[in-house]
Amino acid sequence: VEAIRKHFGQEPTVLALSMHKEFFLIQEMLENGANGFLPKEASPEELKTAIDTVVNHGFYLNPEISRHVFGSKYDTEEEHEHLSENEINIIKLICEQRTNKEIAADLNLSPNTINSYRTRILEKLEVVNTAGLVIYAIKNGIYQIH
């Protein structure tokens with residue numbers, strides 16, 4: 001994933017498929033920009049679901065891997081109460097793969113303002129990239145995959 005992101009940037013959608021299910025490998029793939037992860041033994045139906053979900057919602061983890069990564073239940077207590085309403089809205093739009101320009105148009109703000117919000121959000125949540133932000137949003141109930 002890292003090589004793909006270095007060469008092509010954030011444009012291509014990357015759904016990682018691997019026989020390895022070790023947490024640190026999955027975490028590394030997601031931190032390096034993968035839009036999802038699927039075990040190699042996934043059924044053709046699940047592969048189709050994963051592809052559709054990544055295309056339409058930007059992120060996919062199958063339930064087994066999700067439990068492995070996030071634990072058996074999500075911690076949905078208001079850990080994100082330190083985020084403003086605007087920051088939470090921006091996080092949701094980022095999870096939907098909206099660009100800064102699109103988010104700015106939706107919220108009647110400038111793209112530079114959205115970029116500033118994005119930077120502040122990453123700092124507040126102590127994540128280093130969009131994958132980390134999406135993982136945080138899902139884990140903490142800010143964004144649900146449909």
Side-chain angles (χ1 to χ4, degrees), residues 1-42 46-104 106-107 109 111-146:
V1 177
E2 187 174 11
I4 292 169
R5 292 295 180 221
K6 280 184 181 177
H7 191 303
F8 296 102
Q10 294 299 315
E11 236 355 85
T13 301
V14 177
L15 178 62
L17 183 68
S18 177
M19 64 184 230
H20 301 286
K21 295 191 234 177
E22 291 84 1
F23 172 75
F24 73 94
L25 292 173
I26 297 167
Q27 182 180 15
E28 185 176 308
M29 283 186 240
L30 296 173
E31 286 177 352
N32 283 314
N35 297 86
F37 176 87
L38 199 60
K40 191 174 181 178
E41 69 272 4
E46 185 176 14
L47 179 59
K48 182 183 180 330
T49 298
I51 292 169
D52 290 344
T53 302
V54 167
V55 167
N56 294 313
H57 302 289
F59 188 78
Y60 179 84
L61 283 179
N62 83 341
E64 175 191 346
I65 299 300
S66 184
R67 279 190 299 280
H68 182 66
V69 172
F70 299 126
S72 62
K73 70 177 197 175
Y74 296 142
D75 180 10
T76 57
E77 293 182 21
E78 297 297 316
E79 288 186 23
H80 52 274
E81 62 189 28
H82 61 286
L83 297 169
S84 71
E85 187 176 331
N86 266 351
E87 289 169 331
I88 289 173
N89 288 336
I90 290 168
I91 290 170
K92 289 176 183 177
L93 293 169
I94 290 169
C95 289
E96 293 173 1
Q97 294 194 74
R98 306 292 297 276
T99 65
N100 283 357
K101 188 175 180 180
E102 292 169 333
I103 295 169
D106 285 352
L107 300 179
L109 298 170
N112 288 338
T113 300
I114 299 303
N115 192 46
S116 295
Y117 267 110
R118 184 186 286 257
T119 301
R120 252 194 328 267
I121 290 167
L122 293 176
E123 289 172 358
K124 278 186 175 183
L125 301 182
E126 298 178 0
V127 296
V128 296
N129 58 28
T130 303
L133 176 66
V134 171
I135 291 168
Y136 178 93
I138 293 168
K139 182 178 179 183
N140 290 283
I142 295 173
Y143 184 78
Q144 286 82 35
I145 299 173
H146 308 285

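Along the sequence shown, residues are numbered consecutively beginning with 1.
Taking both residues in full, the closest heavy atoms of P39 and L17 are given as O-CD1, 3.5 Å, listed atom of the first, atom of the second, then distance. L122 and N129 get closest at one heavy-atom pair: CD2-O, 3.7 Å. Of all heavy-atom pairs between H82 and E87, the closest is O-OE1, 4.2 Å. When all heavy atoms are compared, the tightest approach of A34 to A131 is O-CB, 4.4 Å. Minimum heavy-atom separation, L15 to F37: CD1-N, 3.8 Å. Taking both residues in full, the closest heavy atoms of V127 and L133 are given as CG2-N, 3.9 Å, listed atom of the first, atom of the second, then distance.
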Pair Y136, E126 - check side-chain contact (heavy atoms from CB on, under 4.5 Å), show working. CA-CA 10 Å; Y136 178 93; E126 298 178 0; over 6 Å; no
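Rounding to the nearest 0.5 Å places CD1 of I121 at 10.5 Å from OG1 of T130. A distance of 9.0 Å separates CG of N140 from CG of L83, quoted to the nearest 0.5 Å. Taking CG of L125 as the start and CZ of R120 as the end, the distance is 12.0 Å to the nearest 0.5 Å. Here CD of E46 is found 9.5 Å from OG1 of T53. Values are rounded to the nearest 0.5 Å. Between atom CD1 of residue I91 and atom CZ of residue R118 there is a gap of 10.5 Å, rounded to the nearest 0.5 Å. Between the CD1 atom of I51 and the CG atom of N35 there is a distance of 12.5 Å, given to the nearest 0.5 Å.
The shortest side-chain heavy-atom distance between I135 and F59 falls under the 4.5 Å cut-off. Y60 is not listed as a side-chain neighbour of D52, based on a closest heavy-atom distance of 4.5 Å or more.
Under the 3.5 Å distance criterion, the side-chain polar atoms of Q97 are matched with a main-chain donor or acceptor of V54.
Counting heavy atoms of neighbouring residues, nucleotides and ligands inside a 6.0 Å radius, atom NZ of K101 does not exceed 12 of them. More than 12 heavy-atom neighbours from other residues, nucleotides or ligands sit within 6.0 angstrom of CD on E41.
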